[in-house]
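Worksheet: one structure, shown below.
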Amino acid sequence: MGKNLVYKILNSHLASGKLKGGEEIAISIDQTLTQDATGTMAYLQFEAMGVPKVKTKLSVSYVDHNMLQTGYENFDDHVFLQSIAKKYGIYFSKPGNGICHQVHLERFGVPGETLLGSDSHTPTCGGLGMIAIGAGGLDVAIAMAGGPFYVTMPKVVLVKLSGALQSWVTAKDVILELLRRLTVKGGVGKIFEYGGEGVATLTVTERATITNMGAELGALTSVFPSDAQTKKYLRMQGREGVWKSLKADATAQYDEVVEMDLSSLEPMIARPHSPDNVCKVSEIKGVNVQQVCIGSCTNSSYHDLMVAAAILKGRKVHPEVSLTISPGSRQVLEMITKNGALADMISAGARVVEVACGPCIGMGQAPPSGGVSVRSFNRNFEGRSGTADAQVYLVSPETAIATAINGVIRDPRDFGERIVIKFPKKFTVDDSMIIPPSEKPEEVTIMRGPNIKPLPKKEPLPDTLKGDVLLKVGDNITTDHIMPAGAKVLPLRSNIPAISEFVFEKVDKEFVKRAKEKGGGFLIGGTNYGQGSSREHAALAPMYLGVKAVIAKSFARIHRANLVNFGILPLTFENESDYNLFDQGDTIELPDIKNKLNSSSSIIVNNLTKNKEIKAMHALSLREIDILCAGGLLNYQAQK
Ligand code: MIC
Ligand code: SF4
């Protein structure tokens with residue numbers, strides 16, 4: 001039987017288990033990446049493991065999130081990250097060098113290798129033929145220490161592309177269409193492998209837009225073959241040497257197939273407040289816009305900014321609109337500066353924002369009250385922009401610029417002929433902002449400012465769990481709901497006591513007070529609980545506040561893994577309607593929990609207030625049960 005591409009790459013990295021859907025597998029990790037907002041914790045965890053040097057082929061630490069230095073915290077974190085990278089064999093990409101996923105694609109990605117990153121958009125490098133997975137910082141720390149990455153073998157879905165994109169229709173519209181069809185839960189437990197004759201028509205940066213935003217489907221990752229387009233991209237980056245051809249066998253089998261005719265697509269738009277709330281741009285009429293943002297790891301490549309500049313050339317941004325441009329990397333910024341494209345955007349009235357995540361994670365550029373912001377980004381969760389009542393739409397850079405010029409959401413096809421961007425033979429390559437590790441690590445001192453607080457500890461699991469329901473939430477709760485980001489909270493990522501004060505801040509202002517008064521307790525969730533980012537703080541801070549278990553209808557993968565890593569039980573209702581039997585304030589008890597976890601997949605949950613007993617399921621592997629019993633992965637590792 002022919003093999004698909006996912007099977008081939010996973011098989012060559014298989015450390016344990018069988019590549020059979022539903023089984024726990026362990027895969028060896030070639031490369032890791034971290035970004036600053038998750039990296040500080042990941043490196044503290046790595047340090048606690050006592051390993052003298054990373055054991056991966058390559059590990060890179062990026063600074064791209066916490067770049068608004070309004071106090072000492074962020075620069076302190078950067079200094080800590082730079083010093084710890086130097087000591088432990090890690091490359092350090094300085095602030096200003098670019099967004100981790102864009103820079104990793106440009107400078108480090110290798111077809112056929114595995115990459116684990118402490119950021120949910122790590123699958124971006126799937127555009128280069130890597131199996132690139134987002135995970136919590138602790139999982140990345142373990143990979144740096146030479147451990148494999150554990151995951152349940154997902155289903156492999158072939159996205160079979162035919163035809164070619166029409167004028168003004170882009171890779172962003174491909175992934176938005178997929179989100180429209182499959183929703184933010186549609187990819188849970190799946191890997192999307194792209195194939196079919198349409199693949200050859202897409203460049204690597206277009207592919208990377210698709211694999212990047214595949215994260216919004218809830219997928220483990222997405223991957224494209226490595227072909228002539230891949231070779232061309234790597235040649236432009238001066239890295240042709242790492243290219244190799246990778247593709248599925250002609251007779252490869254898949255668990256599911258999704259067909260998409262690229263030529264049938266139109267410009268698409270995700271409406272507030274979810275990336276799957278998608279329709280055609282042409283269906284939206286007369287929405288006035290106050291802000292347009294181009295950037296983020298989804299759409300900030302050389303191609304994206306060149307298209308934006310070409311449309312803006314000789315035109316002006318609408319008087320009522322603020323247009324911001326944040327290039328994805330210093331390479332992109334340098335090239336568009338030298339070739340004049342940046343000047344075209346500036347003379348059109350664009351505001352140039354730093355090379356960083358910036359507005360995507362609410363680090364500056366919050367929209368006005370009740371305002372409409374149209375962005376080339378990947379997430380539009382309520383409040384994420386920094387303005388609670390802003391209406392954020394997600395589109396391609398082409399649609400965004402058409403909108404910026406008009407002041408109203410506008411289909412870019414109204415702009416006449418397609419703009420074709422010519423790529424230079426070679427990109428500007430200057431890695432001087434990537435600092436290699438020290439050759440004398442013993443001489444390096446790790447710098448810890450007052451924002452770097454020690455890791456919180458957790459006790460082993462007791463025999464019985466008892467407490468109150470601290471909060472009951474609905475479906476599709478994101479990690480932005482659980483542990484908000486933004487300019488105020490993000491700088492506290494290396495200070496768990498301080499950041500835990502903001503848990504569920506936007507859902508229920510009293511949550512933290514209640515959790516403290518009650519000495520912790522339980523959370524009740526709907527479907528897809530914890531979707532979105534990889535931030536382990538969404539588990540770590542609730543753990544710090546005493547959350548013992550989350551009982552939900554279903555979980556998003558990364559968050560579920562983070563809960564286990566920090567000793568919080570992720571349980572699902574055996575009977576979904578039992579969700580209705582729980583209310584905030586109910587006292588519940590999970591008797592004899594340790595034995596129950598080990599002896600059965602079903603757990604008894606007593607609602608003492610309602611005098612009802614229900615069953616919850618755990619679907620935990622034996623390894624995960626041991627981790628939970630130990631009180632989290634760090635304790636478990638220490639025991640080992
Ligand atoms: C995001 O886009 O939500 C983030 C901020 O990049 C997160 C990581 C974080 O919270 O630090 C992610 O996607 O994993
Ligand atoms: Fe940064 Fe936004 Fe990408 Fe997250 S989604 S890595 S915040 S640019």
Side-chain angles (χ1 to χ4, degrees), residues 33-42 61-68 74 77 81 93 95 98-105 116-125 132-137 139-140 175 184 208-209 211-216 218 221 275 293-301 304 324 326-329 332 353-365 375-381 383-386 392 394 478-487 489-494 499 502 530-541 556-559 561-562:
L33 72 77
T34 56
Q35 40 89 339
D36 51 327
T38 55
T40 46
M41 274 296 138
S61 169
Y62 293 91
V63 178
D64 51 6
H65 282 64
N66 262 323
M67 304 264 292
L68 263 191
N74 293 347
D77 283 3
L81 288 167
S93 174
I99 305 177
C100 55
H101 310 302
Q102 176 67 24
V103 178
H104 212 84
L105 189 79
L116 194 71
S118 61
D119 191 280
S120 65
H121 291 103
T122 303
T124 311
C125 278
I133 301 174
D139 284 324
V140 175
I175 189 65
V184 290
T209 294
T211 53
N212 171 285
M213 212 173 160
E216 272 53 67
T221 189
C293 302
I294 305 284
S296 92
C297 54
T298 318
N299 275 123
S300 59
S301 67
D304 291 334
T324 71
S326 34
S329 69
V332 172
V353 178
E354 196 173 10
V355 170
C357 300
C360 177
I361 192 58
M363 289 303 254
Q365 306 301 327
R375 303 175 159 206
S376 73
F377 305 170
N378 49 33
R379 288 184 176 149
N380 58 346
F381 304 142
R384 178 175 162 106
S385 65
V392 179
L394 307 173
T478 71
T479 50
D480 283 85
H481 289 108
I482 307 169
M483 187 72 263
V489 185
L490 210 53
L492 304 173
R493 284 289 181 90
S494 31
I499 204 169
F502 297 90
Q531 69 157 327
S533 99
S534 69
R535 64 188 70 145
E536 59 190 2
H537 301 74
L540 199 41
R557 173 190 61 92
I558 309 181
H559 186 61
N562 285 337

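On a predicted model such as this, the values are computed, not experimentally measured, just so you know. Each residue takes its place number in the sequence, starting with 1. For ligands, and for the atoms within them, numbers begin at 1 and follow the listed sequence. These values consider heavy atoms only, across backbone and side chains, with no hydrogens, waters or symmetry-generated copies.
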Is the closest heavy-atom distance from Q35 to ligand 2 below 4.0 Å?
->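 No.
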Report, in ascending order of atom number, the atoms of ligand 1 lying under 4.0 Å from any heavy atom of [X].
X    : result
T38  : 9 (C), 11 (O)
R535 : 1 (C), 3 (O), 5 (C), 9 (C), 10 (O)
H65  : 4 (C), 5 (C), 6 (O)
S534 : 12 (C), 14 (O)
A37  : 11 (O)
I361 : 5 (C)

Please test S533 against R379 for side chain to side chain contact (heavy atoms under 4.5 Å, CB included), starting from the C-alpha separation and ending with a verdict.
-> CA-CA 10 Å; S533 99; R379 288 184 176 149; 3.7 Å; yes
Could you tell me whether D119 and ligand 1 have an N or O pair separated by under 3.5 Å?
->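 The answer is yes, given that D119 and ligand 1 share an N or O pair closer than 3.5 Å.
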For R379, is at least one N or O under 3.5 Å away from an N or O on ligand 1?
->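 Between R379 and ligand 1, an N or O pair is found under 3.5 Å apart.
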In terms of atom number and element, which parts of ligand 2 are under 4.0 angstrom from non-hydrogen atoms of H101?
->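 Once the distances to H101 are compared, the set is 6 (S).
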Heavy-atom closest contact (S118 atom, G137 atom, distance) =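 Heavy atoms only, the tightest pair is CB-CA, 3.9 Å.
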Which atoms form the tightest heavy-atom contact between P123 and T221, and what is the distance?
->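 Between these two residues, the closest heavy atoms are CB-OG1, 3.3 Å.
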Residue, atom name and distance, where the atom is the protein heavy atom closest to [atom]:
atom                    : result
atom 13 (O) of ligand 1 : S120 OG, 2.5 Å
atom 2 (O) of ligand 1  : R384 NH2, 2.8 Å
atom 12 (C) of ligand 1 : S533 CB, 3.1 Å

Under 2.8 Å from atom 2 (Fe) of ligand 2, which protein N/O/S atoms are there?
->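 Those protein N, O or S atoms (cut-off: under 2.8 Å from atom 2 (Fe) of ligand 2) are C360 SG.
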Tell me which part of D119 gets within contact of ligand 2: side chain, backbone, both or neither, using heavy atoms under 4.0 Å.
->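 Contact part for D119 vs ligand 2: side chain (C-beta onward).
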Is there a heavy atom in Q35 that sits closer than 4.0 Å to ligand 1?
->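 It does; at least one heavy atom falls under 4.0 Å.
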Out of curiosity, is R493 lining ligand 1, as in a heavy atom under 4.0 Å away?
->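 Yes, R493 has a heavy atom closer than 4.0 Å to ligand 1.
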